[in-house]
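Structure record follows, encoded as structure tokens.
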Protein chains: 2
Amino acid sequence: MRLGELSEATGVSPASIKFYLRSGLLAAGDPIHPTRADYGDRHVRRLALIQGLRSVVGLGLDDIRRILDAAIGADDSPAQRLMLLRTVQHVVLGLDGSPAEPSPSVDGLVQAMGWPGDPSEARFAVDRHVAAMEAAGIAPGADVLAAYGRAADAIAEAQLTVTHARDDLEDVILTAAIGMHMHNQLILKIVALAQASHSIRRYGGPPRDDG
Amino acid sequence: MRLGELSEATGVSPASIKFYLRSGLLAAGDPIHPTRADYGDRHVRRLALIQGLRSVVGLGLDDIRRILDAAIGADDSPAQRLMLLRTVQHVVLGLDGSPAEPSPSVDGLVQAMGWPGDPSEARFAVDRHVAAMEAAGIAPGADVLAAYGRAADAIAEAQLTVTHARDDLEDVILTAAIGMHMHNQLILKIVALAQASHSIRRYGGPPRDDG
DNA sequence: CAGGCTGGATAGTGCAACTATCCTATGAGC
DNA sequence: GCTCATAGGATAGTTGCACTATCCAGCCTG
């Protein structure tokens, strides 16, 4: 299909498609004439991925590009899929990979959950984050961490299962990134629900607008 | 203190302070002369709040203004604090308050956690979110929801306790918003950690860069 | 009374993500 | 062969947000 048709098929304006082509987010179509290129299904999927990462997950084009770059040349093997998953996490969480001081409470969490204790980028990120929360005076208690651990274990399992059920890498990325985001928002909303419940317990009623 | 001193005290440029004054995010100082105003501690705290909500939580100035508006006229009573907390959740989560179809899995969660079953904005938000996830083919299972519920309960309790220990409303807001954000990021990172662990279990090793 | 700082208004900057315009080269129709 | 609409490519302009810089008048100090 031609650019105009690709635009109609995806709902993305021709100008934006051109912009993505220029930006290197979308591969050029197969040139069938000097002034004509042919776009296919992969372009449609790629555009859907870009749109999803932008509008749902809220990533910037630079971050999207980093994820896309990781997908280039990757095959469908489990190892490559995990690699891709890791890149998505890396970008979405803004991990930087530099080592951090292990936190005792995180040690406790890892042991309680039976997770491997190897230092890793994710572990560093958790350690750093817990340290930041402690510095802010809002350190998570052992019970909170334990609850997070169980929740995280359940998400991780579900995410891996869903992710590996996907056929193509665009789907893998989209499922992983949107899954992370959606689970995250879900937890926030459940916390809001829990807080409403707790405030009822403490004060006999929810906070109300109308006095 | 004068504008220049307020700037030095907070690290916010005079131009930005003027901008916040114009935007209505920061109350004008007490005019001591036609061309001189006096700023006090409340301006320092307000600026710290604005900075925190912007740089840590990532809110836009419109959202910050909505939270600030809710704080105006509020007193230190538990009810007002809860009201404020609710506004913060409202803004940070983008809740809209319109009713949603109750989801059976959320019903199950609420009953399992012993939370009050009253319909509420938070409940609607959770119902809508679960529906969206189901539509996206990434519906959370009962085990995942149960784990979230326990985690949320722990956060809510901790958050309420920490929040109510704060003295002034600026602190209440900042603690609530930054707490939400930090806990949220923490969960994401713990999920990343859990995922690394699961991938080791499944495939005998973490995904690696170096092959 | 001059200079500098204050506060207030207005306009400009930088970034991100588009969006509109222009240009060139076909390729279809006559 | 010639014209003209259109695709594709390059360039510049727009929008929204969050500042930032400039300008101006007042007035307090020295």
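To find a chain, count down the sequence lines: A is the first, B the second, and so on, and within it residues start at 1.
Rounded to the nearest 0.5 angstrom, A:His90 NE2 and A:Asp63 CG are separated by 10.0 Å. Considering CD1 of A:Ile64 and OG of A:Ser23, their distance stands at 10.5 Å, rounded to 0.5 Å. The CZ atom of A:Arg150 sits 13.0 Å away from the CG atom of B:Asp143 when rounded to the nearest 0.5 Å.
Distances were taken from every side-chain heavy atom of B:Lys18 (C-beta onward) to each of C:dC18, C:dG7, C:dA11; the shortest belongs to C:dG7. Taking the side chain of A:Ala37 as heavy atoms from C-beta on, and the options D:dG8, C:dA20, D:dT20, the nearest nucleotide is D:dG8. Comparing D:dT20, C:dG7, D:dG8 against the side chain of B:Ser13 picks out D:dT20 as the nearest. For B:Arg54, the side-chain atoms get nearest to D:dC19 when compared with the rest of C:dA20, D:dC19, C:dA17.
One interatomic measurement links the two molecules: CG of A:Leu3 to P of D:dG9, which rounds to 8 Å at whole-angstrom precision. Counting to the nearest Å, the P atom of C:dA20 and the CZ atom of A:Arg22 are 13 Å from each other. For the pair B:Ile17 CD1 and D:dA18 C1', the interatomic distance rounds to 15 Å; values are reported in whole Å. Spacing between atom CG of A:Asp38 and atom P of C:dT26 amounts to 18 Å, rounded to whole angstrom units. Atom CD1 in B:Ile32 sits about 18 Å away from atom P in D:dG26, given to the nearest Å. If you take CG of B:Asp63 and P of D:dA18, they are 9 Å apart, rounded to a whole angstrom. Distance A:Glu5 CD to D:dT6 P: 14 Å, rounded to the nearest Å. When the C1' atom of C:dC18 is taken as reference, atom CD1 of A:Ile50 falls 13 Å away, rounded to whole Å.
B:Gly60 comes within 4.0 angstrom of the backbone, heavy atoms only, and of no base.
Evaluation of atom-type donor-acceptor distances gives no pair under 3.5 Å for the side chain of A:Arg36 against the base of C:dT24. For C:dT26, its base never sits under 3.5 Å from the side chain of A:Arg2 at any donor and acceptor pair.
A:Arg123 has a carboxylate O that lies under 4.0 Å from a charged side-chain N of A:Asp127, or vice versa, which qualifies the two as a salt bridge. For B:Arg66 and B:Asp69, the salt-bridge test fails: no basic side-chain N is under 4.0 Å from an acidic carboxylate O.
Projected onto DNA chain C by closest heavy-atom contact, B:Phe19 and A:Gln51 fall at different nucleotides, the more 5' of which corresponds to B:Phe19.
Distances shorter than 4.0 Å separate some side-chain N or O of A:Tyr20 from OP1 or OP2 on C:dC18. Proximity of A:Ser16 to the phosphate of C:dA17: no side-chain N or O atom is located under 4.0 Å from OP1 or OP2.
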